[in-house]
Amino acid sequence: RILQGIKQAYLENNKEFIESLVKEALSTPIKFDRPPIKITKADNKKTLMLFLADMHIGAKVEYGSLYQNPYDLNEIYNRLDTIVQYLSNLGRFYKIVVVNGGDAIDGIDNQTARRDHYMPQSMGNKEQINNFAYAIIYLFQKLIELDLAENYSYQSVVDGNHDGYPGWITSKYVATVLKMHYPNIETDVADSFFLRYDVDDFSYIICHGKDSKHMKKGMPMVMDSKTEVFLIQYITSQHDLRKYINVVSGDLHNESMTRGKLFKYWKVGSFFGSSDYCMYNFGDTAPHVNYHIVEGSVLLNGTIELRK
């Protein structure tokens, strides 16, 4: 209740700003002149879970960094096209679920949500929010135009350590605009740290991996005993879980899987890739996103590489 009260106050204080975003979306139809992608369709009953974590729209890798990672709007749409082209080769799905795994935008006022250090950014606050919205809507437009699934869903965690409450508002904005353009799309933006999503024999517990305020350290790349106990306690509080449980988080811009006693622990990659901070502290990790294909009790895991 306290958290909801804080968010309600935030929304009331920023009511005019949010209303201006919605009015802009209504008055300015989003149109993209992009080349069509040829596909070969095949009917099946599979569900695709596409994890778009750590997009960091507005992030900037400065000149002279250890490694190159150009990240302007053109590069963002090229990477989205790469994803669509890749998925088109997999055939047609019963449902495609696009999951925002947090840190959708890079931050606010050149800082993270925690306001603890300066970051170079290539876009202002409104630009980041609008460009993330346009990117997600463009992705859905392409998926729908190519008829890659019978059903579509947009799911979002509450926020990340970079985007914080503005990230939550951004995802609410995206969900609203998607509903206006495509009323049949399923949408859900979580109000707390974990997002729950069930498909066939699997229950997904999804989060960013580090929140915007409370956690001293984020969830590790390889699950340790402390993290497993923390997750088991939360999982046991959930009702009507499916046979298999997947805990999915981003934050560390790389992929891994650890098998726990009750669940599998997945870390998923970053659409953005490496920032200057990542390069100097952990080396260069190429941009990539992960996906699951689920049908009944079968799960296939895959990676889409975004650096050409």
Is it true that a side-chain atom of [X] and a backbone atom of [Y] form a donor plus acceptor pair closer than 3.5 Å?
| X | Y | answer |
| --- | --- | --- |
| Asp276 | Glu62 | yes |
| Asn254 | Thr285 | no |
| Thr236 | Gln233 | yes |
| Ser270 | Pro287 | no |
| Asn301 | His292 | no |
| Asp200 | Gly296 | yes |
| Lys179 | Ile185 | yes |
| Glu145 | Lys142 | no |
| Asp54 | Asp251 | yes |
| Ser65 | Tyr67 | no |

For this session: Please name all residues satisfying side chain to side chain contact (heavy atoms under 4.5 Å, CB included) with Tyr86, sequence neighbours left out, ordered by chain then number.
Result: Leu90, Tyr291, Ile304
Seminar exercise, completed: For Arg196, the side chain to side chain contact (heavy atoms under 4.5 Å, CB included) test, sequence neighbours excluded, returns Asp198, Ser203, Ile205, Gln238, Leu241
For this session: Decide yes or no on salt bridge (Lys or Arg N to Asp or Glu O under 4.0 Å) for Glu295 and Lys45, but give the supporting numbers first.
Result: CA-CA 7 Å; Glu295 185 174 21; Lys45 298 180 181 179; over 6 Å; no
Exercise. Is the closest side-chain donor-acceptor distance between Ser171 and Asn100 under 3.5 Å?
Worked result: yes
Exercise. Using a distance-only test with no angle check, is there a side-chain donor-acceptor pair under 3.5 angstrom linking His208 and Asp103?
Worked result: yes
For this session: Take Ser88 and Gln85, measure what side chain to side chain donor-acceptor pair (under 3.5 Å) needs, and give me the verdict at the end.
Result: CA-CA 5 Å; Ser88 71; Gln85 179 68 71; 3.3 Å; yes
Problem set entry | Side-chain ion pair, Asp284 and Arg307, N-O less than 4.0 Å | yes
Exercise. Counting only heavy atoms not in Glu305, do more than 12 fall under 6.0 Å of its CD?
Worked result: yes
Seminar exercise, completed: Grouping ILVMFWY residues whenever side-chain heavy atoms fall under 4.5 Å, the cluster of Val268 otherwise contains Met49, Phe51, Val97, Val99, Val157, Leu195, Tyr197, Val199, Phe202, Tyr204, Ile206, Tyr244, Val248, Met257, Trp266, Val294, Leu299
Problem set entry | Hphob cluster co-occupancy, Phe140 + Tyr94, side-chain heavy atoms under 4.5 angstrom | no
Exercise. Is the ring centre of Tyr234 less than 6.0 Å from the ring centre of Phe194?
Worked result: yes
Exercise. Aromatic ring centroids of Tyr77 and Tyr138 under 6.0 Å?
Worked result: yes
Problem set entry | Verdict with supporting geometry, Leu50 and Ile83, side-chain contact (heavy atoms from CB on, under 4.5 Å) | CA-CA 10 Å; Leu50 177 64; Ile83 291 173; 4.0 Å; yes
For this session: Fit a plane to each ring of Phe272 and His56, take the angle between them on a 0 to 90° scale, and name the class: parallel (under 30°), tilted (30 to 60°) or perpendicular (over 60°).
Result: tilted
For this session: Looking only at non-hydrogen atoms, find the nearest pair between Gly269 and Asn290 and report the distance.
Result: N-OD1, 2.7 Å
Problem set entry | Over all atoms of both residues, closest heavy-atom pair of Arg259 and Lys264 | NH2-CE, 3.6 Å
Problem set entry | Intermediate values then yes/no, side chain to side chain donor-acceptor pair (under 3.5 Å), Tyr173 and Asn130 | CA-CA 9 Å; Tyr173 170 46; Asn130 277 324; 3.2 Å; yes
Problem set entry | With Tyr280 via ring pair (Phe, Tyr, Trp, His ring centres under 6.0 Å) - residues at least two apart | none
To the nearest 0.5 Å, tell me how far [X] [atom1] sits from [Y] [atom2].
| X | Y | atom1 | atom2 | answer |
| --- | --- | --- | --- | --- |
| Gln121 | Asn125 | CD | CG | 7.5 Å |
| Ile57 | Phe132 | CD1 | CZ | 7.0 Å |
| Glu127 | Ile105 | CD | CD1 | 12.0 Å |
| Ile96 | Asn151 | CD1 | CG | 10.0 Å |

Problem set entry | Pair Tyr152-Tyr182, side-chain contact (heavy atoms from CB on, under 4.5 Å): steps then yes or no | CA-CA 10 Å; Tyr152 300 88; Tyr182 307 105; over 6 Å; no
For this session: With sequence neighbours left out, write down each residue that passes salt bridge (Lys or Arg N to Asp or Glu O under 4.0 Å) with Lys95, or none if nothing qualifies.
Result: Glu186
Side-chain donor-acceptor contacts of residues 220-228 below 3.5 Å, not counting sequence neighbours, with atom names and distances?
from   : atom 1 : to     : atom 2 : distance (Å)
Asp224 : OD1    : Thr227 : N      : 2.8
Asp224 : OD1    : Thr227 : OG1    : 2.6
Glu228 : OE2    : Lys261 : N      : 2.8

For this session: List the steps and the verdict of ring pair (Phe, Tyr, Trp, His ring centres under 6.0 Å) for His253 and His288.
Result: CA-CA 8 Å; His253 294 215; His288 62 287; 9.1 Å; no
